[in-house]
Chemist: 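I am attaching a structure below and will ask some questions about it afterwards.
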Amino acid sequence: MEFDVKNLNETQIYKLMISTIVPRPIAWVSTVSKNGIFNIAPFSFYMGISSSPPLIAISIGKKDDDRKKDTWKNIEEVGDFVINIVTYDLVEKMNITASPFDESIDEFKEANLTPIKSDLVNSPRIAESPINIECKKFMILEIADMGLIFGEILKFHIKDQLLNEKGYVDNKKLKVVGRLGGADYCLVDESNIFNLIRPDLKKR
Ligand SMILES: Cc1cc2nc3c(=O)[nH]c(=O)nc-3n(C[C@H](O)[C@H](O)[C@H](O)COP(=O)(O)O)c2cc1C
């Protein structure tokens, strides 16, 4: 099958994009509003941009009533956020935080999660997540109906037992979850991780 985008409607394009751009990492973003209300939401249109400076980007849309999603608004107004890693044991709670709660609702309470203070930013970290990444707003690009949020990483919090001697997080232990199309997700664990060494051109 071939699909010329100009013949597709918005939903068809969305369905093809979210099932071909896979697997996607999930930024589980915790923020605080200027009124002090804690918020959490997952976003999978998310990527690393650069390690020097350490930049990431997250694409956040608008609500049905055309207002910016709470995460976007909080980052714009307060200037920082925390990315928490979603592991398999946290998927149900992550899913609760994807609900369109009113901005006056504390989503830590709704999902029964524990906020802990960050060291360098105002936004809280999620205690139950084994990795929290403190970020400050770098810039926000408004493209069509989306806010492309660029964040600069200020600090990583990683549970000791997850780090290996080479300085990597051991993904066999982490059990991170990724997003696929529709309601499908994938789990990364020892059963599906494999090793691929790059060819050495000098030896060919
Ligand atoms: C796994 C997952 C990934 C998502 N990715 C995005 C995304 O990349 N961009 C987006 O705007 N919404 C995304 N959503 C929907 C938001 O999480 C949802 O609209 C949420 O209610 C926004 O909350 P907020 O208004 O508190 O920011 C995703 C939902 C799920 C479950």
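Atoms within each ligand, like the ligands themselves, are counted from 1 in listed order. Residues take their numbers from the sequence shown, with the count starting at 1.
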Chemist: Spell out, as yes or no, whether a donor-acceptor pair under 3.5 Å connects the side chain of Asn171 to the backbone of Val176.
Modeler: no
Chemist: Kindly confirm or rule out an N or O of Ala98 lying under 3.5 angstrom from an N or O of ligand 1.
Modeler: yes
Chemist: Which of the atoms in ligand 1, numbered in the order shown and given with their element, are less than 4.0 Å from a heavy-atom of Ser99?
Modeler: 21 (O)
Chemist: Where on Arg179 is there a heavy atom closer than 4.0 Å to ligand 1, on the side chain, on the backbone, on both, or on neither?
Modeler: side chain
Chemist: Whether the side chain of Lys137 engages the backbone of Glu76 through a donor-acceptor N/O pair (distance < 3.5 Å, no angle test) should be reported.
Modeler: yes
Chemist: Mind listing the closest non-hydrogen atom pair of Pro130 and Ile85 along with its distance?
Modeler: CD-O, 4.2 Å
Chemist: In terms of atom number and element, which parts of ligand 1 are under 4.0 angstrom from non-hydrogen atoms of Glu107?
Modeler: 26 (O)
Chemist: Would you confirm whether Glu110, through its side chain, and Ile96, through its main-chain N or O, come within 3.5 Å as a donor-acceptor pair?
Modeler: no
Chemist: Among Val78, Asn39, Ile37, which one satisfies side chain to side chain contact (heavy atoms under 4.5 Å, CB included) with Thr31?
Modeler: Asn39
Chemist: Among protein heavy atoms, which lies nearest atom 27 (O) of ligand 1, and at what distance?
Modeler: Thr71 OG1, 2.6 Å
Chemist: Report yes if some N/O of Pro42 lies less than 3.5 Å from some N/O of ligand 1; otherwise report no.
Modeler: yes
Chemist: Counting only nitrogen or oxygen atoms and a 3.5 angstrom limit, does Asn39 reach ligand 1?
Modeler: yes
Chemist: Hey, mind stepping through Val121 and Phe81 against side-chain contact (heavy atoms from CB on, under 4.5 Å) and telling me if it holds?
Modeler: CA-CA 7 Å; Val121 299; Phe81 58 101; over 6 Å; no
Chemist: Test Ile13 against every option in Lys15, Glu10, Met17 by the side chain to side chain contact (heavy atoms under 4.5 Å, CB included) rule and name the one that passes.
Modeler: Met17
Chemist: So, Glu77 and Ser33: side-chain donor and acceptor under 3.5 Å apart, yes or no?
Modeler: no
Chemist: For atom 9 (N) of ligand 1, what is the nearest protein heavy atom, given as residue, atom name and distance?
Modeler: Ser59 O, 3.0 Å
Chemist: May I ask you to identify the nearest protein heavy atom to atom 24 (P) of ligand 1, giving residue, atom name and distance to one decimal place in Å?
Modeler: Asp70 N, 3.6 Å
Chemist: For atom 5 (N) of ligand 1, what's the nearest protein heavy atom and its distance?
Modeler: Ser44 N, 2.9 Å
Chemist: Counting both backbone and side chain atoms, is some N or O of Phe45 under 3.5 Å from an N or O of ligand 1?
Modeler: yes
Chemist: Are any of the N/O atoms in Lys63 less than 3.5 Å from those in ligand 1?
Modeler: no
Chemist: Which of the atoms in ligand 1, numbered in the order shown and given with their element, are less than 4.0 Å from a heavy-atom of Ile60?
Modeler: 11 (O)
Chemist: Measure from the side-chain N and O atoms of Asn84 to the backbone N and O of Ser129, and report whether any donor-acceptor pair falls under 3.5 Å.
Modeler: no
Chemist: Taking Arg24 for its side chain and Ile18 for its backbone only, find out whether a donor-acceptor pair lies under 3.5 Å.
Modeler: yes
Chemist: Quick one: look at Tyr185 and ligand 1, take heavy-atom pairs under 4.0 Å, and tell me if it's side chain, backbone, both or neither.
Modeler: side chain
Chemist: Which residue and atom name correspond to the protein heavy atom nearest atom 12 (N) of ligand 1, and how close is it?
Modeler: Lys69 NZ, 2.9 Å
Chemist: For atom 23 (O) of ligand 1, what's the nearest protein heavy atom and its distance?
Modeler: Ala41 CB, 3.3 Å
